[in-house]
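Everything on this sheet refers to the single structure shown next.
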Protein chains: 2
Amino acid sequence: MSASGKTRLPGRDALRDSVLGGDLVFLLARANALTLAAANAALAEHGLKARSYSVLALAADGVRPTQRELAEFLRLDPSQVVALVDGLEQRQLVERRTDPADRRANVLVATDAGRDLFARAQQAARAVELGLLAPVTPEEHERLAGLLRLLAFPG
Amino acid sequence: MSASGKTRLPGRDALRDSVLGGDLVFLLARANALTLAAANAALAEHGLKARSYSVLALAADGVRPTQRELAEFLRLDPSQVVALVDGLEQRQLVERRTDPADRRANVLVATDAGRDLFARAQQAARAVELGLLAPVTPEEHERLAGLLRLLAFPG
DNA sequence: CCTCAATGATTGACATTTTCAACGGTTCGT
DNA sequence: ACGAACCGTTGAAAATGTCAATCATTGAGG
């Protein structure tokens, strides 16, 4: 198959060694695309995607986030959060509770079923993460997370 | 149970400390969203986005990638590459050359104007990258790139 | 107490991006 | 030479992203 006579194709890694190979934005984009795809695939059997999984996670965590906080944290438009929460609420995984301290705001809490599903989904998510980071030592894993946090939460 | 004595609002970083705070997929997504936005903003003055910048970069690098290679490398559908290349070609920044070794394939090469614009855009891109990584040492910067490469190019 | 600007959620419209299936031209193995 | 596989292209459908307008509520200042 491959290995045509001359230097025909840019070897499988000629592109990798190009300028973009050192471009952080590109590396992030590609790493994100791959991990997101893997995560979505793994979460699909639970009827979740990375997005809905994230929302469910925060609800199940008892953090009682408002939708606005959710929107900012997940970098989504508030209207997208509405749709996301609608989906989870229809499946009885989360509930909207109007915040007694500010009746404009909705606070998200997970139902028992929600916490239950989350627990299972989290295992799948963790398995994926470990699979992705198989070639990396636990210390490097933690170091990577730390550096990403710096980028993800500047200031 | 929520014996909610006081409905504490999630402090500005209660969410950060939740389960998701250690979720690699989430951190990647958020870091990617922020850096992508920063990159797009910086590239806008050159009439580029991260996507078109990437294509232009590979063309300007003399790697002579085919559109299919571009698609796989950038994790895009081939049809998206068509649109991307159309845009750059109409601005006379790149040219499609049918690969003499395989006349089905188009090889991308940058024009002089293309290389010129890329040189300028690259400066903007580098400035952004340095700004984003201001809080980390150069060694950590390199380490981050290395770890991301592992995720971005498994196998 | 009574405005009034600001805020949270929601809706609906619109643009952009993603994802697929189909098609003509070309290559390659058999 | 045949047929399967592959490249680029097109077009359409689905999913996402972006924005402005609205309602209810809040909080500040007169």
task: Measure the CG-NZ distance between Asn40(B) and Lys49(B) for me, rounded to the nearest 0.5 Å.
output: 6.5 Å

task: Could you state whether Leu148(A) and Val25(A) fall into the same hydrophobic cluster, counting links through intermediate Ile, Leu, Val, Met, Phe, Trp or Tyr residues with side-chain heavy atoms under 4.5 angstrom apart?
output: no

field: Protein-nucleotide distance (Leu36(B), atom CG; dT16(C), atom P), rounded to Å
entry: 16 Å

message: Using whole Å, what does the distance between atom P of nucleotide dT27(C) and atom CG of Asn106(B) come to?
response: 12 Å

query: Are Val19(A) and Val85(B) connected in the hydrophobic side-chain network, where two residues link if heavy atoms are under 4.5 Å apart?
result: yes

statement: Under a 4.0 Å heavy-atom cutoff, the residues of residues 43-61 of chain A touching DNA chain D are Lys49(A), Arg51(A)

field: Side chain to side chain, Arg97(B) and Arg64(B), heavy atoms closer than 4.5 Å
entry: yes

- prompt: Rounded to whole angstroms, how far apart are CG on Leu74(B) and P on dT17(C)?
  reply: 14 Å

task: Decide whether Phe153(B) and Val63(B) are clustered together by the hydrophobic rule: side chain heavy atoms of Ile, Leu, Val, Met, Phe, Trp, Tyr closer than 4.5 Å, transitively.
output: yes

Nucleotide dA9(C), atom P - distance to CG of Leu70(A) in whole Å: 9 Å

Separation of atom CG in Leu76(B) from atom P in dC7(D), rounded to whole Å: 16 Å

- prompt: So what is the end-to-end bend of the helix from dC1(C)-dG30(D) to dT30(C)-dA1(D), with 5 pairs used at each end and the value given to 10 degrees?
  reply: 30°

message: Regarding Arg115(B) and Glu95(B), does a basic nitrogen lie under 4.0 Å from an acidic carboxylate oxygen?
response: no

task: Kindly say if Arg68(A) contacts the phosphate of dA6(C), meaning a side-chain N or O under 4.0 Å from OP1 or OP2.
output: no

- request: Give the ring-plane orientation class for Tyr53(B) versus Phe118(B), where under 30° counts as parallel, over 60° as perpendicular and anything between as tilted.
  value: tilted

field: Connected via hydrophobic side-chain network under 4.5 Å: Leu34(A) and Leu76(B)
entry: no

query: So, do Thr66(A) and Asn106(A) sit near enough that their side-chain heavy atoms are less than 4.5 Å apart?
result: no

- prompt: In this structure, which one of Asp23(B), Leu28(B), Leu24(B) forms a side chain to side chain contact (heavy atoms under 4.5 Å, CB included) with Phe26(B)?
  reply: Asp23(B)

query: How many Å lie between CG on Leu84(A) and P on dT10(C), as a whole number?
result: 12 Å

4.5 Å side-chain heavy-atom contact, Leu48(A) and Leu117(A): yes

Footprint string (nucleotides 18-29 of chain D, 5' to 3'): B base within contact, S backbone only, - free, heavy atoms under 4.0 Å: BB----BBS---

